[in-house]
Amino acid sequence: LPELINHYTEIAGKPHLLPLYGYGLTFVCNQQANAREMLDDCLNFRREGIPCDLVGLEPGWMSEHYDFTINKQWHPERFYIPHWSPKGSHTFLGAASRLGFKISLWLCCDYDLSYAEEALIPKEEEPQDRHHDDFEKDEHLGHAPLRMDKLTKPDEPWFEHLKKFVDQGVSAFKMDGANQVNEHPDRMWGNGMTDEEMHNLYPTLLNKQMSLGFKEHTGKRAMIYSSGGYAGIQRYSATWAGDTGGGSGPLTSMLNHGLSGHSNTSCDMDVFSHQGIHFGFLMPWSQLCSWAYWRHPWLLEEKSLEVFKYYARLRYRLLPYIYSMAHIASRTGMPIMRSMNLMFPDDPECENRISQYMFGESFLTGAFTDTIYLPEGKWFDFWSGEVYTGKQELKCNIPEDRGGPLFVRSGAIIPNWPEMDYVGHKPVNKIDLHVYSAGKSSFTLYEDDGISYDYLDGAVATTLIENSFNNGLMELTIHTRKGSYKGMPENRCYDLYIHAIGKPSSVLVDNKLLEVSKWSYDEKRATIAIHSLAENKDKIVVVINPEMLL
């Protein structure tokens with residue numbers, strides 16, 4: 001299956017690499033919010049210590065509710081911007097930016113996108129125009145399809161009217177299902193196609209024009225997220241599961257998306273259950289939508305608020321791991337959320353497991369269940385630290401303040417960031433490496449500037465980390481970073497946390513015995529901690545001689 005997905009995405013397109021902040025948390029305001037209330041939401045995230053990067057506005061941001069036209073404007077009272085100075089740090093967008101937030105706008109579209117696509121075709125290849133008389137009369141409509149479009153300006157691409165909002169500071173767009181997924185049985189499109197011919201094509205064209213329009217205008221990666229799509233959409237945007245809630249139904253859909261070469265999937269998070277929060281933060285990208293609701297974290301019961309805070313902080317610590325998985329997806333089509341049969345094709349027990357999945361290559365996640373099947377190998381309970389042997393179904397003991405099973409695969413090497421409020425809040429000069437010791441394993445950390453398309457031209461830094469256990473010794477090698485990108489930290493150091501290992505009799509770093517005062521051992525968690533290993537011109541080699549491996 002991985003090979004098939006790789007081949008398929010060579011044809012249909014590799015998954016889009018979202019801007020790094022897109023893999024953080026997206027919060028969509030209640031539709032009644034005005035500019036001040038939106039900024040209050042931003043302030044509450046910071047005051048509560050909940051990391052968040054993207055804040056979205058629903059249809060009420062427009063002067064005309066659900067405006068499908070290219071004449072849309074900010075609502076003059078709710079989102080006032082002085083006409084004599086329409087952009088700059090003095091606007092509410094500038095205020096949000098100073099708090100570390102990007103702004104997303106909800107959009108609906110019924111524009112005829114075919115004109116812009118046809119304009120890309122060389123003149124000698126233009127198809128013959130088809131007229132009303134070329135089509136048979138539809139027995140239900142009583143007439144053939146007609147060109148009834150009152151919205152479209154054939155010579156003006158759809159994204160053209162959105163540039164002014166981007167110039168003011170808008171960074172992302174949420175593409176509603178209306179009307180991109182609706183049927184238009186009485187419509188003949190500008191390229192001469194009937195709706196039956198255009199229906200599946202339309203969402204992909206919409207997301208293509210949004211993504212490429214943003215790229216051409218800004219030079220930056222787009223954060224476009226859509227509730228409608230078709231083959232090829234993975235090249236341009238992320239998707240979410242529409243108004244389906246955050247339960248097990250969207251989970252099945254998202255696993256199927258991954259098997260179809262589409263990695264950047266999500267659904268609206270259910271914050272009223274610990275299970276929903278658990279699932280909501282352990283998916284390719286996370287979205288909390290308060291469209292017609294009051295799902296704001298600080299309005300939850302106290303216990304649920306603490307659970308939400310924990311998972312939000314956990315996700316942000318895991319961003320270097322998640323982003324590395326996103327890089328792999330953009331290169332191979334291998335999704336971030338991986339179905340069990342994709343990862344373990346030779347285990348028949350994994351064939352129909354739809355309440356669990358691999359979150360990247362190392363985390364085994366259960367959702368809306370307290371029972372999980374462990375494939376062959378050793379697995380570490382992320383909550384308790386206990387070690388289990390695979391090829392068994394396990395009834396999990398889930399702590400009250402957690403929402404589901406979470407296991408780590410034997411041999412996993414998982415990079416963690418320091419805690420931060422948003423992507424870019426702090427320089428990442430230090431990375432924690434959590435190593436789950438056993439056998440031989442490796443991990444490649446991918447880093448880039450997080451926002452531009454320079455990574456396509458090789459502006460990427462990779463760090464290979466290798467782990468092996470042989471003849472009673474554990475050896476961990478952190479290779480020097482290869483490659484570079486704009487804004488790359490000049491110096492890097494690491495804190496190591498090596499799990500499930502006996503108390504060492506000695507620890508060596510680069511063939512030098514490390515003083516006992518410079519490492520510690522946690523008996524309860526069976527974890528060695530080694531701090532502040534500085535990157536050098538060659539590589540860092542850590543050798544541990546444990547009394548025993550657990």
- What's the verdict on side-chain contact (heavy atoms from CB on, under 4.5 Å) for Val166 and Phe159, showing C-alpha distance, side-chain angles and the deciding distance? CA-CA 10 Å; Val166 174; Phe159 192 80; 4.1 Å; yes
- Task: Check the pair Met343, Met334 against side-chain contact (heavy atoms from CB on, under 4.5 Å), reporting the backbone distance first and the verdict last.
- Result: CA-CA 10 Å; Met343 291 290 285; Met334 191 68 166; 3.8 Å; yes
- Before giving the answer on salt bridge (charged side-chain N to carboxylate O under 4.0 Å, His left out), spell out for Asp110 and Arg187 the whole-Å C-alpha distance, their side-chain angles and the decisive distance to 0.1 Å. CA-CA 11 Å; Asp110 208 23; Arg187 185 168 187 172; 3.4 Å; yes
- Message: Let's go through Ile224 and Tyr236 carefully: what are the C-alpha distance in whole Å and the side-chain angles of both, what is the deciding distance for side-chain contact (heavy atoms from CB on, under 4.5 Å) to 0.1 Å, and is it a yes or a no?
- Response: CA-CA 8 Å; Ile224 310 296; Tyr236 307 115; over 6 Å; no
- Item | Derivation of the side-chain contact (heavy atoms from CB on, under 4.5 Å) call for Trp158 and His161 | CA-CA 7 Å; Trp158 163 254; His161 81 286; 3.6 Å; yes
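For the pair Met283 and Leu251, the minimum side-chain heavy-atom distance is 4.5 Å or more. The shortest side-chain heavy-atom distance between Lys482 and Leu464 does not fall under the 4.5 Å cut-off. Side-chain contact between Leu107 and Trp61 is present, with at least one heavy-atom pair separated by less than 4.5 Å. Met223 has its side chain out of reach of Ser171: every pair of non-hydrogen atoms, C-beta onward, lies at least 4.5 Å apart. Looking at heavy atoms from C-beta onward, Ser339 lies in side-chain contact with Leu259 at the 4.5 angstrom threshold. The closest side-chain heavy-atom distance from Asn44 to His296 is not below 4.5 Å. Leu445 places a side-chain heavy atom less than 4.5 Å from the side chain of Ile431. Taking the side chain as every heavy atom from C-beta outward, Trp240 and Pro250 never approach each other to under 4.5 Å.
Within a 6.0 Å sphere centred on CD1 of Ile70, heavy atoms belonging to other residues, nucleotides or ligands number more than 12. When the shell of 6.0 Å around NZ of Lys153 is examined, it contains 12 or fewer heavy atoms from other residues, nucleotides or ligands. Summarising the local packing, NZ of Lys87 is surrounded by 12 or fewer heavy atoms from other residues, nucleotides or ligands at distances under 6.0 Å. Counting non-hydrogen atoms of other residues, nucleotides and ligands closer than 6.0 Å to NZ of Lys220 gives a total of 12 or fewer.
Closest approach of Tyr8 and Ala231 over heavy atoms only: OH-CB, 3.7 Å. Listed here is the closest heavy atom pair of Phe308 and Met269: CE1-SD, 3.7 Å. Here the closest heavy-atom approach between residue Ile336 and residue Ile322 is recorded as CD1-O, 4.4 Å. Closest approach of Leu17 to Arg221, counting heavy atoms only: O-CD, 3.0 Å. Counting all heavy atoms, side chain and backbone alike, Pro157 lies closest to Asp155 at CD-O, 3.7 Å. Minimum interatomic distance between Tyr316 and Val423 (heavy atoms only, all atoms of both residues): CE2-N, 4.2 Å.
Not one N or O on the side chain of Asn179 forms a donor-acceptor pair closer than 3.5 Å with the backbone of Asn182. A donor-acceptor pair is defined here as one N or O able to donate and one able to accept, closer than 3.5 Å; no such pair exists between the side chain of Thr332 and the backbone of Asn6. In this structure, the side chain of Lys72 engages the main chain of Thr69 through a donor-acceptor pair within 3.5 Å. Counting only distance, with no hydrogens or angles, the side chain of Arg46 and the backbone of Leu43 share no donor-acceptor pair below 3.5 Å. In this structure, Arg295 contributes its side chain and Ser290 its backbone to no donor-acceptor pair below 3.5 Å. Side chain of Ser266 to backbone of Trp285: a donor-acceptor contact under 3.5 angstrom is found. Formation of a donor-acceptor pair under 3.5 Å by the Thr26 side chain with backbone atoms of Gly22 is not found in this model. A donor-acceptor pair is defined here as one N or O able to donate and one able to accept, closer than 3.5 Å; no such pair exists between the side chain of Ser227 and the backbone of Gly242. Using modelled atom types, no side-chain atom of Arg36 and backbone atom of Phe92 make a donor-acceptor pair closer than 3.5 Å. A donor-acceptor contact shorter than 3.5 Å is absent between the side chain of Arg315 and the backbone of Leu25.
Between Tyr357 and Phe359, the ring planes lie perpendicular to each other; the angle is over 60°, past the 30° to 60° tilted range. Ring-plane geometry between Trp74 and Phe79 is classed as tilted, the angle between the planes lying from 30 to 60 degrees on a 0 to 90 degree scale. Using the six-membered ring where Trp is involved, Phe368 and Phe279 have ring planes that are perpendicular, over 60° apart on the 30 and 60° scheme.
Aromatic ring centres of Tyr202 and Tyr230: separated by at least 6.0 Å. Here Phe173 and Phe165 keep their ring centres 6.0 angstrom or further from each other. The distance between the ring centers of Tyr225 and Trp106 does not fall below 6.0 angstrom. Between Tyr485 and Tyr455, the distance separating the two ring centers is not shorter than 6.0 angstrom.
Each of Glu447, His327, Met488 was evaluated against Val460; a single residue qualifies, His327, per the side chain to side chain contact (heavy atoms under 4.5 Å, CB included) test.
Under the 3.5 Å distance criterion, with hydrogens and angles disregarded, no donor-acceptor pair is assigned to the side chains of Tyr311 and Ser286. In this structure, a donor-acceptor pair under 3.5 Å is present between the side chains of Ser226 and Gln180. In the model, Lys14 has a side-chain atom that pairs as donor or acceptor with a side-chain atom of Thr9 under 3.5 Å. Gln234 and Asn264 share no side-chain donor-acceptor pair at under 3.5 Å. Between the side chains of His262 and Thr239, at least one donor N or O sits under 3.5 Å from an acceptor N or O. Side chains of Glu117 and Ser114: a donor-acceptor N/O pair is absent below 3.5 angstrom, by distance only.
Rounding to the nearest 0.5 Å places CE of Met254 at 3.5 Å from CE of Met337. Atom CG of residue Asn207 and atom CD1 of residue Ile233 lie 3.5 Å apart, to the nearest 0.5 angstrom. Atom-to-atom distance recorded for Phe68:CZ and Asp176:CG is 7.5 Å, nearest 0.5 angstrom. Annotation: the span from Met175 atom CE to Ser237 atom OG amounts to 9.0 Å, rounded to 0.5 Å. One finds the CZ atom of Phe344 at 7.0 Å from the CG atom of Leu364 (value rounded to the nearest 0.5 Å). Interatomic distance, Thr194 OG1 to Trp189 CH2, rounded to the nearest 0.5 Å: 10.5 Å.
By the salt bridge (Lys or Arg N to Asp or Glu O under 4.0 Å) test, Asp112 is found to be paired with no residue, residues two or more places apart in sequence or in another chain being considered.
Under the 4.0 Å criterion applied to side-chain N and carboxylate O atoms, Arg78 and Glu37 are not assigned as salt-bridge partners.
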